[in-house]
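One structure is given here, and the rest of the page talks about it.
Computed from a prediction, not measured in an experiment: that's the story for all the values here.
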Amino acid sequence: MIKNYIKRTIMAAVVLFSATACLDDLDLEPKNEVTSAVVYEDFANYKNVLAKLYGGYSLTGQQGPAGRGDVAGIDEGASSYFRTYWMLQELPTDEAVLAWVNDPGVSGLNLMDWTASNALSKAMYYRIYYQITLANEFIRETSDEKLSGRGITGQDAELARMYRAEARFLRALSYWHALDLYGSVPFVTEEDEVGAFSPEQISRADLFDYIEEELLAIESELAAPMQNEYARVDQAAAWTLLAKLYLNAEVYTGEALYTEAITYAKKVIDAGFTLHPEYEELFLADNDNAQGIILPIAFDGINSQSYGGTNFIIHAAIGGSMVAADYGVNGGWGGLRTTKELVALFPPAEEDDRAMFYTDGQELEITDISTFTDGYAVTKFKNITSEGEPGSDPTLAFVDTDFPLFRLADVYLIYAEAVLRGGSGGDVGTAVDLANQIRNRAYEGEFGTITPAELTLDFILDERARELYWEAHRRTDLIRYGLFVGNEYVWPWKGGVMEGQAVEPCRVLYPIPFDDIIANPNLDQIDCYE
C-alpha cells in the first residue's frame, strides 16, 4: 500500500539524513559521516531527505520509538511534535484533561497556569524550530542554482522543485504553529547564513504575511489535489492552510480576512473531495482509505513507531474498566478524559454518531484531575480497522491510525463561519447545505438538519466541537470566539479551580521559553511571563 511505502521511506530517511539536524554542524564535513554535501550530490537521496521532513511530525529521533532523539534536553516520547501540539491545543480547553499531573508541564496546561519554563511549551517550541531548520536546509540545497551545479536537470530537476515546494509548505505549517501558539517569534529562512547566530524576532503581523506569501508562491508548484502520494502535500493542503490562516487573521493581525477564507475554502470544496460516509472510520487503523482527509500525519505500528501522535491519544484515553484490546492496543495509560461541557454538546435525546464516550464506571464531574474515572473517556480514535481487525503491530504496542490534520468537514465549517462573519463570495444557503451534509452523516436520516435561522456563529462553534473534538482545533477556536481566557465561558479547572474561572488575557499565547530569552538578546518576552 502507498501508506506503508511512505512510512518505510520516512524510516529510511531517519537513518540517512541526520547530518542536517543542527545549524552549527551544517558547514562541517567530518570524516566517516554522512554530510549534506554528500547527500545532495545524488538525486536518489532527495526523496528520502524530504521524507525526514515529513517524519519529524510523527517521529522523534534516529531510531524510534525512543533513543537517539532529534532534540536534546527533553523527554523524547513525551515531546513528539504532534503529541505536544495536541496537548497545547486541547488540555487548556473544555475538551480534555490529562491525569498525569506529576509529569513535567501537564498541570500547567490542565490549570492554565503555565510559565516560561513549562516543559511541554518548551518542547513544542523546539520541535517547531527543529522542523524549520531541516526545511531551511532542504530548501537551500535544492535551489535552481545548486541543482544546475550538480547536473540535476530534466525530470529530476522538476521533481526537486516540487519537493522544494513541499518543504516550503512544511516550513509554513510550522511557522503557522509558531504564529498561533507563540505570536512574535525568532525568524530564520534559507537566506540566513549557516551557523550559530541570534535570530531577530518577527512581529506576529509580519509572520502572518510571510506565511501567506509562501503558500501563495508555491501554489502552482504543488501537485494537484489528490494527485500526490498519500500523506504528502498537494494544492488542497495549501488552500486549507490558507483558509485557516485567513479565518484567524483578525486574531493574528487585527485585520479581518473572511472573504479570503471563503475564497480558499471554496477551492478545496470544488476540488472533488467528498465526506466519508461513516464518521467513525475517519479515526480507525485503516483511515488511509477514508475520504475527505486532505492531509494526514502518518503513523504505522511497524514502520514508524512513536510514543506520540495517535499512539499517545489512543493509549492515554484508556483506563478504568475499559478493555484495551477493544481499541486495538495492548494496554491503557489511564490519562485522557473530557469535561462535562463537551458531553453536553451531545444531548442524550439526540443520537449523534459522533458522541463517542465511555461512561461505565466514569463520573461526569471531574473532582480530581489525577483520577482517571473522573470525567468521561473518549473512544474516538482506535487502532482497529473498519473490518474490526487490530492494527499491524503484532504486539499491539504501536498503532496504525493516522492523525487527520486537515479534513473536508473543517473546511465546510470554515466556509460557513466566514460567511456569517461577513465575508464576500459565499452565501448562507451554501453554508447551511454544507453544515447539513456534516450533520446528516452524524444523524439517522435528516434528524440533524438545520434551517438558515439556526445557522449562527454560536452554532458553528458548537458544531466544530461536535465534529472536530480531539483533533487539535479547540484552543484556536475558543480564542477566535473570545472565549478562551475570560469569564464568559468557563469549564472545570479552567484557571485552577473546579468550577472554572477567568485567567490572564495574555494566556491566549504561550511564552517564548525562558532558556531562549536568556540565550538570544534579540527576543522580547510577553509581559506577564517576564
field: Name of the residue among F312, F82, F398 meeting ring-ring contact (aromatic ring centres under 6.0 Å, His included) with Y307
entry: F398
- prompt: Taking NZ, NE, NH1 and NH2 as the nitrogens, is one of them in R140 or E145 under 4.0 Å from a carboxylate oxygen of the other?
  reply: no
Pairs where residues 270-283 contributes a residue and the test side chain to side chain donor-acceptor pair (under 3.5 Å) is met, not counting sequence neighbours: T274-Q291, H276-E281, Y279-K380
message: Does the Lys NZ or Arg CZ of R466 fall within the cation-pi geometry relative to F459 - under 6.0 Å from the ring centre and within 45° of the axis?
response: yes
task: Measure centre to centre between the rings of Y57 and Y81, then say whether the value is under 6.0 Å.
output: yes
- request: Identify whether the distance between the nearest side-chain nitrogen and carboxylate oxygen of R475 and D180 falls below 4.0 Å.
  value: yes
query: Is any side-chain N of the basic residue among D477 and R474 closer than 4.0 Å to the acidic one's carboxylate O?
result: no
query: Do R164 and E190 sit within salt-bridge range, that is, some charged N less than 4.0 Å from a carboxylate O?
result: no
message: Looking at E467 and R439, is there a salt bridge between them, counting it only when a charged N and a carboxylate O are closer than 4.0 Å?
response: no
- prompt: Can we say K122 and D516 salt-bridge, meaning some charged N sits less than 4.0 Å from an Asp/Glu carboxylate O?
  reply: no
message: Please determine whether a side-chain nitrogen of the Lys or Arg among E166 and R161 lies less than 4.0 Å from a carboxylate oxygen of the Asp or Glu.
response: no
- request: Tell me, with the steps shown, if R150 and D42 meet salt bridge (Lys or Arg N to Asp or Glu O under 4.0 Å).
  value: CA-CA 8 Å; R150 297 182 185 119; D42 185 355; over 6 Å; no
- request: Answer yes or no: is there a side-chain heavy-atom contact under 4.5 Å between L179 and L245?
  value: yes
query: Looking at Y126 versus Y130, is the centre-to-centre ring distance below 6.0 Å?
result: no
message: Please verify the inter-ring angle class for Y182 with Y125; under 30° counts as parallel, over 60° as perpendicular, anything in between as tilted.
response: perpendicular
- prompt: What class does the angle between the rings of F138 and Y163 fall in, given that below 30° is parallel, 30 to 60° is tilted and above 60° is perpendicular?
  reply: tilted
task: On the 0 to 90° scale, with breaks at 30° and 60°, tag the Y175-Y210 ring pair as parallel, tilted or perpendicular.
output: perpendicular
message: Centre-to-centre under 6.0 Å for Y258 and Y246, is that the case here?
response: no
message: Side chains of L478 and T93, heavy atoms from C-beta outward: is any pair under 4.5 Å?
response: yes
